[in-house]
Every structure is written in C-alpha cells, then in structure tokens.
Amino acid sequence: MPPALVTRFAPSPTGHLHAGHAYSAGLAYLRARQAGGRFLLRIEDIDATRCRPELTDDLLADLAWLGLRWEEPVRRQSQHFDEYRAALHDLQRRALLYPCFCTRRQVQEEIARIGAAPHGLDGTLYPGTCRQLSAAERTRRIAAGENHALRLDMAAALASLGDAAQHLHWHDEQAGPQHASPDLLLRGIGDVVLARKDTPASYHLCVTLDDALQGITHIIRGEDLFAATHLHRLLQALFGLPVPAYAHHALLLDPDGTRMAKRKGSKSLRDLRLEGMDPAALWRQLELDPAAFAV
C-alpha cells in the first residue's frame, strides 16, 4: 500500500492572511481530503523581530472560519531552534558554511565597485566577498564580536555530493520535470544565507527540514517559491532527505493587477471575517467548491 498523501499549509505570523493564503491553504486541504490523506498546519515563526503571537491567534481563527481542520499539535518553528542549530552545525563540520560579515549596504557597495550585479533566479547574487577570508581572519573577527551571517558555500556543497550533484531532479505538477543542475545552483542561487544573528535559521533551511520531519509528500505553494525549490532540492541531498512532489500555483492578484501581499495591505481574511462575510462566498470567488470545506 502506498504511503498516505500528506500536505501542509505553513503561514508566517508577520501580518494578517489574505485571500491568496486562503487559496493556497484550500488547495492543499482539498488535495489531502480527496486522497484520504492528512493535512497539517505549521507556524513559521522563526523571525522573532517580525512575528507576533497575536497574529498567530488571528490566523488560526481565520483558517477555522474558512472551515479548515488540521491535525494537532501544530508545529511551531520557534520551538525547534535546537534542531535547526544541529543541522547548521552539521554543515559547519563538513566545511560547507562560512561566516559573512557584510551588511546589505556593503554588499551593494561591493557590487558597485566591481561594476557588475550578478543576477540569479531570485534577484542579485552575493558576490562572494567573505568567501575568500582565511580561517585565521574569520576566527579573529568572530572572537572580536563582529556580527555575521552563515552562508552556504555553494561550490563546496556541490563538490561534497560528488556525482550525485548532477542528478538533483524534482517534479512540479504544472511545469513538469526540473533539474537543479550545478550550473543553475552556482549562477542562479549562489551562496545563500542560512542563518543570521536576528534569525538563527533561514526559511530555506527550516522549511526543508520540517517538510521531511513531518513526512510531507506533496508541497502545494505559490509560484513565487518556484526558484527556491532548486535550493531546497540541494539541501535535501545534503541532509539525505526524501524528495516530495511539488505544485506551484499561480498567485492571486489585487484589483490593481499586482500580487496580493501582506506588506502592501491587501484586504485581509480577518477583515472579511469581521465584516460578516460568508466563507462559502470566498471559496466561490476562489473557484473552489464550498461544499468541500466544513464551513
């Protein structure tokens, strides 16, 4: 008998949820329900400077209002920093991380100095300024208390995989077979940050580890995370984790034609809920069958 299909919705309590979140959660919920599988909820609250407990309470109320039901207990990333630190220590032990002392401003100044801005799949790539520091220099600066992030040494990570680095495949239900090739990872992703002082573990690290730990078999999320999946596939290989199936759906747009986003004030589910909107009406707007939800 094949393993049960397991999906998840993993919001971050940095603002109120909007209809785009409802759409993503609804797709994941329906996929699990239709397959007789499991639907999980995870709170991605690793950013202590932006995540707030009251927003977690609000998003739980929003999802319950929508008629979604999930298994308990809900995994909260802020309760599992020891696990993420252990994973980072493993990468450090294998010499796959290096400390980066550059501020965002210094990175931009370095790009301006070299007269080029290497662009990857999701913006400007880090130019590798701190990659060349000697071990003694790194040790001295850390001992002096300089703030630093931990970056993945992409070239070293790929080299550590040997021939397996040529076979980092994953599948998207809309786009089809994908290949996180060494060239794409080097030129499209680069040396990404996996930990900062204010955020002890990055989204990319935590989501990869959590999806494996929770046994997620199908990841349904917005197409804005499509490029990041190449990096997640590499991290899966580095940690020996299973590879789930992916479905990156189109993003919902506001009336002005721009993508819905918490930071720009898209109409929130909380507002709709407090205004007395019938959740079935929202599901119909999203072209999902209201009868499929326990509203």
Side-chain angles (χ1 to χ4, degrees), residues 2-12 23-25 27-32 34-35 37-40 42 44 75 77 83-84 87-88 90-91 94 96-97 119-123 125 151-194 201-251:
L5 184 147
V6 185
T7 67
R8 50 75 165 173
F9 179 58
S12 179
Y23 181 64
S24 193
L27 291 176
Y29 181 82
L30 288 177
R31 175 63 67 87
Q34 291 165 355
R38 301 164 57 211
F39 173 73
L40 307 182
R42 180 168 71 233
E44 298 193 339
R75 182 175 176 88
Q77 289 184 333
E83 297 169 29
Y84 308 138
L88 288 166
D90 178 52
L91 294 177
R94 296 154 63 186
L96 302 184
L97 298 181
H119 285 279
L121 298 177
D122 198 25
L125 295 184
R151 287 188 181 272
L152 178 69
D153 188 327
M154 184 61 75
L158 290 167
S160 76
L161 294 176
D163 291 342
Q166 302 293 334
H167 305 285
L168 300 176
H169 301 288
W170 57 279
H171 189 271
D172 180 80
E173 293 185 0
Q174 278 72 45
Q178 302 295 313
H179 181 205
S181 68
D183 184 67
L184 182 151
L185 291 165
L186 285 166
R187 300 178 185 277
I189 302 293
D191 294 356
V192 296
V193 170
L194 293 187
S202 76
Y203 162 78
H204 300 297
L205 179 75
C206 297
V207 73
T208 303
L209 295 174
D210 286 350
D211 283 334
L213 178 68
Q214 294 188 286
I216 306 301
T217 63
H218 289 68
I219 296 176
I220 300 168
R221 61 190 182 191
E223 61 186 4
D224 54 326
L225 289 168
F226 186 95
T229 308
H230 293 293
L231 172 60
H232 300 171
R233 180 65 187 89
L234 171 67
L235 292 173
Q236 290 160 358
L238 290 175
F239 291 116
L241 304 176
V243 183
Y246 291 88
H248 291 90
H249 59 76
L251 302 178

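If you're wondering where the values come from, they're calculated on a predicted model, not measured in any experiment.
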Measure the shortest side-chain to side-chain distance between [X] and [Y] over non-hydrogen atoms and say whether it is less than 4.5 angstrom.
X      : Y      : answer
Pro182 : Gln166 : yes
Leu235 : Leu209 : no
Gln178 : Phe226 : yes
Leu205 : Phe239 : yes
Leu96  : Ser160 : yes

Distance from [X] atom [atom1] to [Y] atom [atom2], nearest 0.5 Å?
X      : Y      : atom1 : atom2 : answer
Arg8   : Thr217 : CZ    : OG1   : 11.0 Å
Arg31  : Leu27  : CZ    : CG    : 8.5 Å
Leu231 : Leu184 : CG    : CG    : 10.5 Å
Tyr246 : Arg233 : OH    : CZ    : 8.0 Å
Leu152 : Leu194 : CG    : CG    : 5.0 Å
Thr229 : Asp172 : OG1   : CG    : 7.5 Å

By salt bridge (charged side-chain N to carboxylate O under 4.0 Å, His left out), which residues pair with [X], not counting sequence neighbours?
X      : answer
Arg42  : Glu44, Asp210, Asp211
Glu83  : Arg75
Asp183 : Arg187

* Asked: Can you list the residues that meet the ring pair (Phe, Tyr, Trp, His ring centres under 6.0 Å) rule with His179, with sequence neighbours excluded?
  ->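 For His179, the residues satisfying ring pair (Phe, Tyr, Trp, His ring centres under 6.0 Å) (neighbours in sequence not counted) are His169.
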Which atoms form the tightest heavy-atom contact between [X] and [Y], and what is the distance?
X      : Y      : value
His218 : Pro244 : N-CB, 4.4 Å
Leu158 : Leu186 : CD1-CG, 3.7 Å
Leu168 : Ala237 : CD2-CB, 3.6 Å
Ile220 : Ser24  : O-OG, 3.8 Å
Ala32  : Leu5   : CA-CD2, 3.8 Å
Thr7   : Ile216 : O-CD1, 4.0 Å

* **Side-chain H-bond candidate by donor/acceptor type, Arg221 with His248, under 3.5 Å** =>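 Per modelled atom types, Arg221 and His248 side chains form a pair under 3.5 Å.
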* Asked: Excluding sequence neighbours, so at least two apart, what forms side-chain contact (heavy atoms from CB on, under 4.5 Å) with Arg38?
  ->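 Residues passing side-chain contact (heavy atoms from CB on, under 4.5 Å) with Arg38: Val6, Leu40, Glu71.
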* To do: Determine the interplanar angle of the Tyr29 and Phe39 rings, folded into 0 to 90°, and report it as parallel if under 30°, tilted if 30 to 60°, perpendicular if over 60°.
  =>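 Answer is perpendicular, since the angle exceeds 60°.
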* Asked: Among Leu225, Val193, Thr208, which one satisfies side chain to side chain contact (heavy atoms under 4.5 Å, CB included) with Tyr203?
  ->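 Among Leu225, Val193, Thr208, the one that satisfies the side chain to side chain contact (heavy atoms under 4.5 Å, CB included) with Tyr203 is Leu225.
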* Judged by atom type as modelled, is there a donor-acceptor pair below 3.5 Å linking the side chain of Arg151 to the main-chain atoms of Asp191? ->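 Present.
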* **Chi angles and distances behind the side chain to side chain contact (heavy atoms under 4.5 Å, CB included) call for Ile219, Val207** => CA-CA 11 Å; Ile219 296 176; Val207 73; over 6 Å; no
* Which residue pairs satisfy the salt bridge (Lys or Arg N to Asp or Glu O under 4.0 Å) criterion with at least one member in residues 157-166, sequence neighbours excluded? ->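 Not a single pair qualifies under salt bridge (Lys or Arg N to Asp or Glu O under 4.0 Å).
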